[in-house]
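Only one structure is covered here, and it is reproduced in the block below.
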Amino acid sequence: VGESLRVQFVFHTSMFAVRRGADLVIHPGAISSSGLSEYFRSGSRRFPIRFRFGSQTALGLTVHLPTGWSVVTPELTDSIRTPFGSAHWGWHDQGSVLSVSMGHSFTGEEIAPINYEQFQRFLDAMEEKDLREIEVGRADIALDKRNTESTENSDGHGEKTMIRKGEDR
């Protein structure tokens, strides 16, 4: 393979989220998700999967939050590494700026039918992590939400009990 192809773009938008009540929810993985898991669903595949080339996708996203808003979702750093490829996700907030970094890398190797189930698990895990949400809201409410945990009751009814960090049950 000669030179690799690199595509880079920059855009600005005043709204890059969906409303959920009074908060906004950002889905950064929707931009860079591979979507490959849906193409390789068949459990009866008999022939190897052949990728002619390895590939890398990287996303760097900077979100400038409106005055008085902050990130509700806790900061995250996560990654997956397999023989088929790797992926990473991360975000952190610095006051009114949210920085998101995501990337996918595929080795470009042939995937034998015996490894097909492992490859599917890798794709499913990647897609699940790509779909994670980042919630932002008014700063006073966001701080309260961030300091609150949700746990299951032991009554088996699946009701949620809100517990403030540092408080006893």
Next item on the list: Determine, step by step, whether V63 and I134 satisfy the side-chain contact (heavy atoms from CB on, under 4.5 Å) criterion, reporting the C-alpha distance in whole Å, the side-chain angles of both residues, the deciding distance to 0.1 Å, and the verdict.
Entry: CA-CA 11 Å; V63 179; I134 302 173; over 6 Å; no
Checklist line | Residue pair Q118, I111: steps toward the side-chain contact (heavy atoms from CB on, under 4.5 Å) verdict | finding: CA-CA 10 Å; Q118 281 181 293; I111 300 163; over 6 Å; no
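In this structure the side chain of D130 reaches within 4.5 angstrom of the side chain of H104, judged on heavy atoms. Proximity of H64 to T62: side-chain heavy atoms (C-beta onward) are separated by under 4.5 Å at one or more points. Proximity of M102 to L61: side-chain heavy atoms (C-beta onward) are nowhere separated by under 4.5 Å. Between L123 and F106 the shortest side-chain heavy-atom distance falls below 4.5 Å.
Side chain of W91 to backbone of T77: no donor-acceptor contact under 3.5 angstrom is found. Although no hydrogens or angles enter the test, the distance criterion places a donor-acceptor pair under 3.5 Å between the side chain of E75 and the main chain of D93. Put simply, the side chain of T73 gets close to the backbone of E135: a donor and an acceptor are under 3.5 Å apart.
Within the model, atoms CG of N115 and CD of Q120 stand 13.0 Å from one another, a figure rounded to the nearest 0.5 Å. Distance check, rounded to the nearest 0.5 Å: NE2 of H88 to CZ of R81 gives 10.5 Å. The OG1 atom of T107 sits 13.5 Å away from atom CZ of F53, with the distance rounded to the nearest 0.5 Å.
Residue S70 comes nearest to A139 through the heavy atom pair OG-CA, 3.5 Å, listed as atom of the first residue, atom of the second, then distance. Minimum interatomic distance between R138 and W69 (heavy atoms only, all atoms of both residues): NH1-NE1, 2.7 Å. Listed here is the closest heavy atom pair of A17 and I26: CB-CG1, 3.8 Å.
The environment of CD in E133 is crowded: more than 12 heavy-atom neighbours from other residues, nucleotides or ligands sit within 6.0 Å. Heavy-atom contacts from other residues, nucleotides or ligands closer than 6.0 Å to CD of E117 number 12 or fewer.
Listed by chain and number, the residues in a side chain to side chain contact (heavy atoms under 4.5 Å, CB included) with S96 amount to none (sequence neighbours excluded).
F119 and F84 have perpendicular rings, their planes meeting at more than 60° on a 0 to 90° scale where under 30° would count as parallel.
Linking ILVMFWY residues whenever their side-chain heavy atoms come closer than 4.5 Å, directly or via other members, places L76 and I80 in the same cluster.
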